[in-house]
Amino acid sequence: NFTVITSVHQYVETLIRDSTIHTLLLDNFPGTGTQVSLFLSVLRQLAPRCTVMAVELTADLMVLRHRALQRRVCPTCEHDPLCDPRLPAEASPADPSRCARCDQLLDARRGDQPAVYRARLQRYQQAAADIRQAFMAVGVTVVQVDSSHSLNRTAQELRAILTR
């Protein structure tokens, strides 16, 4: 948590110096209830007048499972030191089993194997509950957006929330 919050503190300081930035969207952060408290503390210190919104993307468990089964990664394009790429790769239109960028064969993500996936999902559900509780404890409502639909529809819903 110390390393995370030190980095976030420096990042927020940098953003404040840039007068062109008006919105900060953090994906997959904070990752714990403790990080929520630390992050909000940094914001109170550095940007006390900023508005904080918490948005959680949700999806039906069947949709999540289907996405995990369909997700492919490129071991060539994503240079992971543990040889365990995580970022979804774009499939080639000509051959969906190959990467659109480098034409290498795509692999299933290791973390999407059934036993690992179940453990990951359980860990996420516990962490998400802790994060929701930490935001609600300080009066920040967590808005849930159903992301079971298309990427465009989810993006439209997020845009509507952020531009209110």
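Here the structure is a predicted model, which is why all the values come from computation and not from measurement. For the single chain, residues carry numbers from 1 onward in sequence order.
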Please collect all ring pair (Phe, Tyr, Trp, His ring centres under 6.0 Å) contacts where either partner lies in residues 112-137, sequence neighbours excluded, each pair once. none

Applying side chain to side chain contact (heavy atoms under 4.5 Å, CB included) to Val55 and Ile161, what does each step give before you reach the verdict? CA-CA 9 Å; Val55 179; Ile161 291 168; 4.1 Å; yes

Do you reckon [X] sits in the same ILVMFWY cluster as [Y], going by side-chain contacts under 4.5 Å, direct or chained?
| X | Y | answer |
| --- | --- | --- |
| Val12 | Val140 | yes |
| Val145 | Val52 | no |
| Val63 | Leu57 | no |
| Val142 | Leu162 | no |

Quick check: are there more than 12 heavy atoms from other residues, nucleotides or ligands sitting under 6.0 Å from CD of Glu13? yes

Within 6.0 angstrom of Phe29 CZ, more than 12 heavy atoms from elsewhere: yes

Could you give me the CA-CA distance, side-chain angles and deciding distance for Asn152 and Ser150, then say whether side chain to side chain donor-acceptor pair (under 3.5 Å) is met? CA-CA 5 Å; Asn152 284 340; Ser150 71; 5.4 Å; no

Looking at [Y], is its backbone amide N or carbonyl O close enough to the side chain of [X] to form a donor-acceptor pair, meaning the two atoms are under 3.5 Å apart?
| X | Y | result |
| --- | --- | --- |
| Ser147 | Thr154 | no |
| Gln133 | Ala129 | no |
| Glu90 | Cys99 | no |
| Arg110 | Cys83 | yes |
| Asp130 | Gly33 | yes |

Distance-only donor-acceptor hits, side chain of residues 100-107, under 3.5 Å, sequence neighbours excluded:
none

Atom pair [atom1] ([X]) and [atom2] ([Y]), whose distance is rounded to the nearest 0.5 Å:
| X | Y | atom1 | atom2 | answer |
| --- | --- | --- | --- | --- |
| Thr51 | His22 | OG1 | NE2 | 12.5 Å |
| His66 | Leu61 | NE2 | CG | 14.5 Å |
| Leu24 | Met53 | CG | CE | 13.0 Å |
| Tyr11 | Ile16 | OH | CD1 | 11.5 Å |
| Arg72 | Ser97 | CZ | OG | 9.5 Å |
| Thr32 | Asn1 | OG1 | CG | 5.0 Å |

Regarding Arg132 and Glu56, does a basic nitrogen lie under 4.0 Å from an acidic carboxylate oxygen? yes

Can we say Asp112 and Arg120 salt-bridge, meaning some charged N sits less than 4.0 Å from an Asp/Glu carboxylate O? yes

With side chains defined as the heavy atoms from C-beta onward, is the minimum distance between [X] and [Y] less than 4.5 Å?
| X | Y | answer |
| --- | --- | --- |
| Gln35 | Ile5 | no |
| Arg86 | Arg109 | yes |
| Asp60 | Leu64 | no |

Do you know the tightest heavy-atom contact between Ala59 and Asp146? CA-OD1, 4.0 Å

Ignoring hydrogens, what is the shortest heavy-atom contact between Pro30 and Val36? Give both atom names and the distance. CG-CG2, 3.4 Å

Side chains of residues 39-50: which donor-acceptor partners sit under 3.5 Å, not counting sequence neighbours?
from  : atom 1 : to   : atom 2 : distance (Å)
Gln45 : OE1    : His9 : NE2    : 3.4

